[in-house]
Protein chains: 2
Amino acid sequence: MTENQPASLAISAALRADILAGVIEPGARLRQDELASRFGTSRIPVREALRQLEAEALVINDVHRGARVAPLTLDETLERMEIRVALECAALKLAVPAMSELDFEMLETILAEYDLAEEPAQWTACNWAFHTALYAPCNRPTLLALIQANITNADRFLRLRLSQTTGKERPQIEHREILAACRAGDAARAAALLEGHIARARKSLATAMRLSRPAR
Amino acid sequence: MTENQPASLAISAALRADILAGVIEPGARLRQDELASRFGTSRIPVREALRQLEAEALVINDVHRGARVAPLTLDETLERMEIRVALECAALKLAVPAMSELDFEMLETILAEYDLAEEPAQWTACNWAFHTALYAPCNRPTLLALIQANITNADRFLRLRLSQTTGKERPQIEHREILAACRAGDAARAAALLEGHIARARKSLATAMRLSRPAR
DNA sequence: GACACCATGATTGGATCCAATCGTCAAACT
DNA sequence: AGTTTGACGATTGGATCCAATCATGGTGTC
């Protein structure tokens with residue numbers, strides 16, 4: 001058991017998970033006392049955790065007025081999809097020349113799992129596994145970390161509102177096209193396909209939101 | 001006087017500035033007691049500040065072993081230049097169609113100041129002012145914040161090691177070319193020029209470092 | 001002499017307690 | 001009646017104190 005992790009890290013991890021999963025709603029107040037008793041600690045590690053999450057843009061901290069979960073707007077999510085295009089296309093272009101046969105097999109395996117998956121939660125898991133494995137060969141730790149952080153924030157909105165508006169089939173077809181381009185060593189084409197893939201998801205999200213609610 | 005800012009924010013701001021300016025060297029230990037007495041507070045706000053900076057990737061925190069300034073490697077800086085290309089080209093493409101005559105005048109003014117600037121510190125200030133003003137019209141707060149954070153981290157290395165290896169003239173010529181493309185409404189050309197502009201800076205940094213030191 | 005082991009100081013992590021600020025509500029004043 | 005003011009509870013920010021862990025140096029044993 002490597003439970004050497006200090007309380008503040010455990011708290012920030014738990015809070016982060018709850019915020020991303022929507023267990024704690026956007027805009028909800030995060031009282032230090034409440035959290036402290038929930039985690040069985042004093043308020044000190046709670047405050048450190050809140051500081052960390054504030055730097056991650058997941059909570060907002062008003063001086064002497066407490067912390068609350070950062071409200072996630074549709075605009076921000078759409079922005080994050082644009083950022084995804086920029087970062088992930090760059091990573092993919094760098095990754096394609098570095099891909100080995102082992103990478104291709106790994107990606108195939110993930111897509112096969114995707115085919116078998118039935119519940120939306122599994123789709124999204126396979127989806128992120130595919131994207132992550134797709135960029136990994138680029139060997140750029142900072143870029144990969146930034147991509148991960150950005151996806152984490154975008155994913156927050158998706159999990160809340162909808163479970164894949166587009167269905168399961170279409171994205172998978174696009175995944176296979178992207179993988180084929182990677183096998184062919186055509187980085188530019190792979191990046192172009194990826195851009196369309198993400199842009200399409202962005203658009204379907206925008207329309208779905210416009211239909212369900214006026215704005216926000 | 002709006003000195004309502006809590007100590008932890010003042011400390012994190014001061015430390016951030018010192019780290020970015022190179023006053024505190026990469027890898028240096030950051031003892032909580034030391035910082036507390038330096039800022040005239042207890043260790044509590046110091047710890048919060050360190051947590052925040054840790055989330056910003058400026059310090060590294062080892063459990064029960066203290067914090068130290070994150071070592072900045074050449075590899076990471078080169079990566080951040082790649083990330084700059086991806087993010088800033090995307091922002092510029094979005095900004096060009098939204099630029100007004102007022103934006104062009106503002107950009108011209110900044111370039112005129114650049115021409116007059118004599119000290120390297122002024123160059124870099126004008127340089128960042130130009131880039132910031134160039135992307136601002138895109139009206140994407142999240143993207144702009146990400147660009148700012150990334151530049152902040154990349155800039156850290158530059159300030160430490162060299163004061164503009166490329167000199168002052170060449171970048172300025174490129175700035176004017178970019179601005180001309182923006183005026184012409186040619187977003188694609190402006191983005192291509194910007195990519196070359198940043199990529200050139202990246203390359204000159206890489207060679208300068210290779211010449212001055214073996215690796216690291 | 002080299003290595004393992006333990007004791008001590010240094011340093012971080014956390015808990016408890018106090019001070020400062022914000023929100024709310026009631027009372028007083030115009 | 002409406003507005004302002006003040007007092008109180010709730011909550012956050014910070015200081016001091018204690019516990020847990022790491023680093024260092026000495027000592028003993030082989």
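Quick caveat, the model's predicted, so the values are computed rather than measured. The chains referred to below are lettered A, B, ... by the order of the sequence lines, with proteins before strands, and numbering in each begins at 1.
Comparing B:Arg29 and A:Arg65 along DNA chain C, the residue whose closest nucleotide (by nearest heavy atom) sits nearer the 5' end is B:Arg29.
Taking every nucleotide of DNA chain D with any atom under 4.0 Å from a non-hydrogen atom of chain A, the first and last of them, 5' to 3', are D:dT11 to D:dA15.
Evaluation of the salt bridge (Lys or Arg N to Asp or Glu O under 4.0 Å) rule for A:Asp18 yields A:Arg38 as partners, not counting sequence neighbours. Take B:Glu56 and apply the side chain to side chain contact (heavy atoms under 4.5 Å, CB included) test, not counting sequence neighbours, and it matches B:Arg16, B:Gln52, B:Leu53, B:Leu58. A:Asn150 meets the side chain to side chain donor-acceptor pair (under 3.5 Å) test with A:Arg80; sequence neighbours excluded. With sequence neighbours left out, A:Ala136 forms a side chain to side chain contact (heavy atoms under 4.5 Å, CB included) with no residue at all. Remark: A:Thr152 pairs with A:Leu20, A:Gln148 by the side chain to side chain contact (heavy atoms under 4.5 Å, CB included) rule, at least two apart or across chains. Checked against side chain to side chain contact (heavy atoms under 4.5 Å, CB included), A:Arg43 has the following partners two or more places apart in sequence or in another chain: A:Gln32, A:Asp33, A:Ala36, A:Arg47.
Contacts classified as side-chain hydrogen bond (donor to acceptor under 3.5 Å, both in side chains) and involving residues 59-69 of chain B (residues at least two apart or in different chains) are given here: B:Asp62-B:Arg68.
Annotation: proximity of residues 36-60 of chain B to DNA chain C (heavy atom, distance under 4.0 Å) is found for B:Arg43, B:Ile44, B:Arg47, numbered in ascending order.
Using cut-offs of 30° and 60° for the angle between ring planes, the A:His175 and A:His131 rings count as perpendicular.
As judged by a 4.0 angstrom heavy-atom cut-off over every strand, A:Ala7 is placed among residues touching the sugar-phosphate backbone only.
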